[in-house]
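Keep in mind the model is a prediction, meaning the values are calculated, not measured. Sequence lines set the chain letters: A, B, ... in the order given, protein chains first and strands last, and positions in each chain run from 1.
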Amino acid sequence: MKQTVLSRFLLAASLTAFLAITTSAFAQFGTRYEETKIDVNSYPAEIQNGYRVFANKCSACHDLSSSLKQSRSPQAWTAEVHRMQAMASSHINDREADQIVKFLAYDETHRKDLARESANANSGNSPEVAGKQLFESYGCSSCHSVAGAGNTSSPLDGIGNKKTAEELKRLIVSPSSGSAMPAMSIPDKDLNDVVAYLRTLK
Amino acid sequence: MAVLFPRQASAVPQYARRYGITCYACHTIPPVLNEQGYMFQKLGHHLPPSLQESKPVERILDLVRKEHEWTIANNASFAVSDFNYQAQKNTQQGQGSNSTSAIQVGSWNAYFGGWIPNTQFFYYSEFDIVTGGQTNPDMPNAHIGYIGGTAKSSWYGIVGREHLQVSEGTRAAQVYSLLPNSPLVFENMGPTNFILDQSPVGAEVGYTWASSKYRDILGVNMKVTDGDNADGSEILGASSKNGKDVWVDADWWYAPESGVSFMTYQGKKSQIQNSGAANQFSFNSRIRREGAFGNYMIGRDKIDLLGGYLHGNDDWQDPATQAPGNYITNGGFGEVDYYLWRGMALAGRYDRLRQDVTNGVHPTDAEQWQVGAEKAFTPMGNIVGRIAAGNYHAIDPVAFTGSATRTFEADIQFNF
């Protein structure tokens with residue numbers, strides 16, 4: 001009798017704790033995986049195929065948002081896809097790797113560039129405002145957060161107090177080798193805007 | 001490999017959380033591991049890096065330096081649980097049949113696993129709160145290890161309590177599968193109910209080698225354990241059982257996702273038989289198992305054909321007459337897993353175990369089949385559902401009575 005009262009109590013306590021923990025864990029999980037799709041209807045058939053291969057292969061391990069937001073040169077994308085090909089269980093063959101690179105290179109000039117142009121156009125000539133939008137369109141927030149928004153594993157809050165504009169530029173374009181921060185290929189104009197925005201984070 | 005002790009393994013979502021990757025990076029469907037998941041364990045819970053021909057190979061130290069910041073959410077999963085509905089019909093020869101059904105919290109475990117910041121030490125522990133529907137706190141795993149070398153050629157040493165060896169072999173040698181029950185050969189404890197993997201405290205060493213792009217992975221490991229309270233459940237207090245065990249395991253994975261494993265287990269057990277009764281005696285026996293397991297993946301992550309064979313030869317003593325003898329087993333299974341799309345699979349397995357007690361009358365068989373469907377509902381593997389049906393029937397190798405169990409099971413796992 002005593003035994004069952006105790007075990008019922010334990011079960012009830014366990015379930016309560018379980019619900020509390022799952023809810024908080026679920027909240028965290030929600031911020032980590034983003035379903036991202038883009039409209040490729042206007043892309044040539046070959047590139048649309050490349051998009052399908054990209055979406056299928058790359059989403060096996062991570063969400064697509066960072067690749068769809070980050071900007072890289074075609075050479076840098078090729079290197080990145082080769083790096084992924086050499087991960088265990090990625091099973092991307094050379095033909096598929098080629099299709100993925102072609103898609104990413106095309107998408108770079110046909111969608112990401114336009115997004116950036118409109119960010120510049122909407123900024124009312126304020127580098128800080130343009131920089132905030134560019135921070136999103138270059139995919140910085142897939143690894144960094146500002147005021148809790150984005151990936152909270154590397155927050156950039158207060159960075160404006162810690163680094164000068166010159167230091168920030170160097171950190172973004174040529175991070176120390178072995179660092180998990182990728183070297184970003186960003187045109188000077190955009191770089192200046194992003195840095196102007198980062199300098200406002202005080 | 002964790003042959004010979006049936007344990008339910010679970011997906012441990014802290015790892016996916018740590019890297020912001022999906023469960024499919026390391027599992028076909030949780031908890032079944034793929035090559036990357038195997039390497040992850042072999043590298044001391046660090047994500048295996050890209051292995052390119054033209055690039056220098058990263059050292060384990062580099063992987064440690066690149067790790068994300070250590071946080072509790074990165075290193076612990078508190079609520080890995082299984083809720084299930086089970087309907088069973090049991091038939092016992094000469095006694096008719098009875099049916100049962102129940103909805104229950106099947107299991108609820110917490111896992112702590114990760115690395116000690118800025119070092120090549122790693123740790124893993126499992127705390128079980130609910131097991132088999134019973135609130136029964138237990139700590140089946142609690143060990144610490146050191147990993148050295150490079151991502152391509154690494155070695156490790158572990159000490160502590162370890163129910164599963166580090167990475168449990170290639171796909172067909174893993175105790176857990178898409179189906180709720182593991183193959184009979186893994187659960188075969190022998191007619192005197194030895195649990196071979198008894199309260200195992202000991203040491204393990206292993207070596208792992210991977211070729212460029214992980215086209216081939218070779219892993220060998222050896223574990224020596226001593227179970228002082230070796231009846232499988234007690235941690236504290238006196239016990240009348242002891243087990244000393246040696247396990248050796250060799251695995252070869254070849255991309256994509258196929259592999260073979262060889263294992264041998266040698267154990268020396270002692271326990272008091274018929275404790276307290278007039279015919280009490282001390283039973284010392286040697287237990288041996290040798291097995292080979294393999295799987296072949298057709299099309300990348302499409303159809304997986306799995307099979308295994310395990311031979312056992314144990315000393316055996318009749319509990320009633322104390323007459324010495326041998327208990328010889330030969331068991332095998334064949335399984336087909338069909339992945340309809342990512343995160344959804346159908347599976348079927350047939351199992352057979354032939355048991356022969358030398359002073360028994362003739363060998364008897366245990367047979368089992370199971371079919372099931374499994375689906376992961378979220379990319380992070382936090383919710384996995386499964387339905388399965390199965391049939392088991394066996395003739396006891398000593399008493400020669402038959403029994404059969406028909407099971408239907410629906411379960412849902414919450415992994416947080």
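Rounded to the nearest 0.5 angstrom, Phe40(B) CZ and Ser89(A) OG are separated by 13.0 Å. To the nearest 0.5 Å, the span separating CG on Asn34(B) from OG on Ser90(A) amounts to 10.5 Å. For the atom pair OG of Ser50(B) and CD of Glu80(A), the computed distance is 9.0 Å after rounding to the nearest 0.5 Å.
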Test Ser59(A) against Arg342(B) for side chain to side chain contact (heavy atoms under 4.5 Å, CB included), laying out the working first. CA-CA 10 Å; Ser59(A) 70; Arg342(B) 185 178 300 141; 3.0 Å; yes

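In Tyr296(B), the OH atom is not crowded: 12 or fewer heavy atoms of neighbouring residues, nucleotides or ligands sit closer than 6.0 Å. A 6.0 Å sphere centred on NZ of Lys37(A) holds no more than 12 heavy atoms belonging to other residues, nucleotides or ligands. For Glu167(A), the CD atom sits in a packed shell: over 12 heavy atoms of surrounding residues, nucleotides or ligands are nearer than 6.0 Å. Other residues, nucleotides and ligands contribute at most 12 non-hydrogen atoms within 6.0 Å of the CG atom of Asn118(B). Heavy atoms from other residues, nucleotides or ligands lying under 6.0 Å from NZ of Lys132(A) number 12 at most.
For the residue pair Gln36(B) and Ala88(A), the shortest heavy atom distance occurs at OE1-O, 3.0 Å. Considering all non-hydrogen atoms of both residues, Pro49(B) and Met87(A) come closest at C-SD, 3.9 Å.
Chain A forms the most heavy-atom pairs under 4.5 Å with one residue out of Glu257(B), Glu69(B), Met39(B), and that residue is Glu257(B). Annotation: maximal heavy-atom pairing with chain A below 4.5 Å, among Glu35(B), Arg300(B), Lys213(B), occurs at Arg300(B).
Looking at Asp62(B), there are no atoms closer than 4.5 Å to chain A (heavy atoms on both sides), in backbone or side chain.
Without hydrogens or angle criteria, Thr22(B) side chain to Ala60(A) main chain gives a donor-acceptor distance under 3.5 Å.
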Contacts table for residues 97-105 of chain A: side-chain donor-acceptor under 3.5 angstrom, sequence neighbours left out:
from: Asp98(A); atom 1: OD2; to: Lys102(A); atom 2: NZ; distance (Å): 3.1

